[in-house]
Amino acid sequence: MIELGKRQVLMIAKKVEFGVYLADGRVADSPEERVLLPGKEVPDSAQIGDELDVFIYRDSKDRLIATTRQTSITVGHTALLKVKEVGKIGAFLAWELEKDLLLPFKEQTAPVKEQEECLVALYVDKSGRLCTTMKVYHYLETDSPYKKDDIVQGIVYEISKRFGVFVAVDDRYSGLIPAKEPSNVKVGERVQARVAGVLEDGKLTLSLREKAHIQIGKDAEIILEMLERAGGRLPLHDKADPELIKEKTGMSKNEFKRAIGSLYRQRLIIIEPDGIQKV
């Protein structure tokens, strides 16, 4: 069976003036189960019965065709591709073949711009054409080599208020920064994160923050800098609204409380009913 969007080893079933017809060895005698490999890509020594490793796609006239060229993406997998242009029905992504890949607007998790790179998965749409999507969650792998506290690199591909920030670690493994952790990242942004945990199904729970005992020191430094800029006093305290704390400091309420607690124990600040004061 000839499969669109995948690499296959097919057998030369017939030679013609403009190339060769390839077929799955099991149905080599069926003209309906053959695909053309253009003459310019046929090896000089090729003979009927030889096997060739090819990728199957559709040309500009929507005909099924084979190529020996390597592609950066195949159906069911992900790759980082550059936006060539944005049209009326979506964006068109450049890859190794002449016919650009469509990224429909409905398959975008955030608007894309020309010359930007975006992480996409390749699939076959309802009309039988190759298409891409930025909704790559179900295409990512869950057998990463990483363990708790490893530092990893990844790209943000989707953001959910309910679940958090979805990250493709190494552009291929499934990771999530939970919604409870404050973050100001955007879709398409490259991030460095710490593996906070590995779930039973292999998915990675990530954090942009370091381990608590290290982070307290960094958060405390941020608060001291804020106090300096504010003249020595901030109208924030351990009973302040969590959203206000997040807006002003970028920290969760618990992170803020741990940081000012550390500063208080070092006698660097005074905690007042309506704020904190630098000593």
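Predicted model only: the values in this text are computed from it and were never measured.
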- Task: Indicate if Ile269 and Ile222 have the same hydrophobic cluster label, given that clusters are the connected sets of ILVMFWY residues with side-chain heavy-atom separations under 4.5 angstrom.
- Result: yes
- Item | Spacing of NZ belonging to Lys84 relative to CG belonging to Leu103, to within rounding of 0.5 Å | 15.0 Å
- Message: Regarding Asn254 and Ser252, do their side chains bring together a donor and an acceptor under 3.5 Å, going by distance alone?
- Response: no
- In terms of heavy-atom contacts, does CG of Asn184 have more than 12 from other residues, nucleotides or ligands at under 6.0 Å? no
- Item | Lys253 side chain vs Ala240 backbone, donor-acceptor pair below 3.5 Å | yes
- Query: Can you find a pair of side-chain heavy atoms, one from Leu140 and one from Thr78, that are under 4.5 Å apart?
  - Reply: yes
- How many angstroms lie between atom CD1 of Ile245 and atom CD1 of Ile260, to the nearest 0.5 angstrom? 7.5 Å
- Task: Indicate the atoms forming the closest heavy-atom contact of Leu22 with Ile12, along with that distance.
- Result: CD2-CG1, 3.7 Å
- Query: Under 4.0 Å between a Lys/Arg side-chain N and an Asp/Glu carboxylate O for Arg233 and Asp274?
  - Reply: yes
- Query: Does Pro104 reach the side chain of Cys131, with side-chain heavy atoms less than 4.5 Å apart?
  - Reply: yes
- Would you say Gln8 and Glu3 make side-chain contact, with heavy atoms under 4.5 Å? yes
- Taken to the nearest 0.5 Å, the spacing of Glu41 CD from Thr68 OG1 works out to 4.0 Å
- Message: Applying a strict under-4.5 Å side-chain criterion to I, L, V, M, F, W and Y, I'd like to know whether Ile89 and Val112 cluster together.
- Response: no
- Item | Test side-chain contact (heavy atoms from CB on, under 4.5 Å) applied to Leu102 and Arg129, step by step | CA-CA 9 Å; Leu102 174 64; Arg129 296 181 176 87; over 6 Å; no
- Go through the steps for Glu141 and Ser174 under the test side-chain hydrogen bond (donor to acceptor under 3.5 Å, both in side chains), then give the verdict. CA-CA 6 Å; Glu141 300 173 29; Ser174 182; over 6 Å; no
- Query: Is it true that the side chains of Glu98 and Ser60 contain a donor and an acceptor less than 3.5 Å apart?
  - Reply: no
- Atom pair CG (Asp241) and NZ (Lys246), whose distance is rounded to the nearest 0.5 Å: 11.5 Å
- Task: Apply side-chain contact (heavy atoms from CB on, under 4.5 Å) to the pair Lys148 and Val198, showing each step before the final yes or no.
- Result: CA-CA 7 Å; Lys148 192 175 185 299; Val198 181; 5.6 Å; no
- Does a side-chain N-to-carboxylate-O contact under 4.0 Å join Lys113 and Glu85? no
- Query: Is the closest side-chain donor-acceptor distance between Glu181 and Ser207 under 3.5 Å?
  - Reply: yes
Mind listing the side-chain donor-acceptor pairs of residues 52-59 below 3.5 Å, one per line with the distance, residues two or more places apart or on another chain?
unit_1: Asp53; atom_1: OD2; unit_2: Arg7; atom_2: NE; d: 3.2
unit_1: Asp53; atom_1: OD2; unit_2: Arg7; atom_2: NH2; d: 3.4
unit_1: Arg58; atom_1: NE; unit_2: Gly128; atom_2: O; d: 2.8
unit_1: Arg58; atom_1: NH1; unit_2: Asp62; atom_2: O; d: 3.2
unit_1: Asp59; atom_1: OD1; unit_2: Lys61; atom_2: N; d: 2.9
unit_1: Asp59; atom_1: OD1; unit_2: Asp62; atom_2: N; d: 3.1
unit_1: Asp59; atom_1: OD1; unit_2: Arg63; atom_2: N; d: 2.8
unit_1: Asp59; atom_1: OD2; unit_2: Arg63; atom_2: NE; d: 2.9
unit_1: Asp59; atom_1: OD2; unit_2: Arg63; atom_2: NH2; d: 3.0

- Say whether Ile73 and Val136 are linked into one hydrophobic cluster, either directly or through other cluster members, by side-chain heavy-atom distances under 4.5 angstrom. no
- For Gln47 and Asp50 the tightest heavy-atom approach is N-OD2, 2.8 Å
- Item | Arg258 with Asp219: basic N within carboxylate O range, under 4.0 Å | no
- Message: With a 4.0 Å cut-off on N to O distance, would you call Lys82 and Glu117 a salt bridge?
- Response: no
- Task: Could you tell me whether the side chain of Thr109 reaches within less than 4.5 Å of the side chain of Lys135, counting heavy atoms only?
- Result: yes
- Message: Minimum heavy-atom separation for Tyr137 and Lys203, please, with both atom names.
- Response: OH-CE, 2.9 Å
- Task: Taking all heavy atoms of Ala193 and all of Leu208, pick out the closest pair and write down the distance.
- Result: CB-CD2, 4.1 Å
- Query: After noting the C-alpha distance and the side-chain angles of Ile2 and Leu10, does the key distance pass the side-chain contact (heavy atoms from CB on, under 4.5 Å) rule?
  - Reply: CA-CA 8 Å; Ile2 295 174; Leu10 299 177; 4.3 Å; yes
- Side chain proximity check, Lys248 to Leu236, heavy atoms < 4.5 angstrom: yes
- Is there a side-chain contact between Asp201 and Thr142 (heavy atoms, below 4.5 Å)? no
- Task: List the atom of Val42, the atom of Leu37, and the distance in Å for their closest heavy-atom pair.
- Result: CG2-O, 3.7 Å
Check residues 90-97 and write down every donor-acceptor pair under 3.5 Å in which the side-chain atom is one partner and the other belongs to a residue at least two apart or another chain.
unit_1: Trp95; atom_1: NE1; unit_2: Lys99; atom_2: O; d: 2.8
unit_1: Glu96; atom_1: OE1; unit_2: Ser72; atom_2: N; d: 3.1
unit_1: Glu96; atom_1: OE1; unit_2: Ser72; atom_2: OG; d: 3.3
unit_1: Glu96; atom_1: OE2; unit_2: Ser72; atom_2: N; d: 3.4
unit_1: Glu96; atom_1: OE2; unit_2: Ser72; atom_2: OG; d: 3.2

- Check: Arg194 and Leu206 side chains under 4.5 Å, non-hydrogen atoms: no
- Query: Hey, any chance Met134 and Val191 share a hydrophobic cluster, counting ILVMFWY side chains that come within less than 4.5 Å of each other, even indirectly?
  - Reply: yes
- Query: Taking side chain as C-beta onward, heavy atoms only, is Leu263 less than 4.5 Å from Leu224?
  - Reply: yes
- Item | Spacing of NZ belonging to Lys218 relative to CD1 belonging to Ile223, to within rounding of 0.5 Å | 15.0 Å
Please output the side-chain donor-acceptor pairs of residues 151-166 that fall under 3.5 Å, not counting sequence neighbours, one pair per line with the distance.
unit_1: Gln153; atom_1: NE2; unit_2: Gln192; atom_2: OE1; d: 2.8
unit_1: Ser160; atom_1: OG; unit_2: Arg162; atom_2: N; d: 3.2
unit_1: Ser160; atom_1: OG; unit_2: Phe163; atom_2: N; d: 3.1

- Message: Testing the basics here: between Leu119 and Ala168, what is the closest heavy-atom pair and its distance to 0.1 Å?
- Response: CD2-CB, 3.3 Å
- Message: If I take atom CD1 from residue Ile276 and atom CG from residue Leu227, how far apart are they, to the nearest 0.5 angstrom?
- Response: 4.5 Å
- Query: Hey, mind stepping through Tyr146 and Asp170 against side-chain contact (heavy atoms from CB on, under 4.5 Å) and telling me if it holds?
  - Reply: CA-CA 11 Å; Tyr146 300 114; Asp170 295 344; 2.5 Å; yes
- Query: In terms of hydrophobic clusters joined by side-chain contacts under 4.5 Å, are Phe105 and Leu130 together?
  - Reply: yes
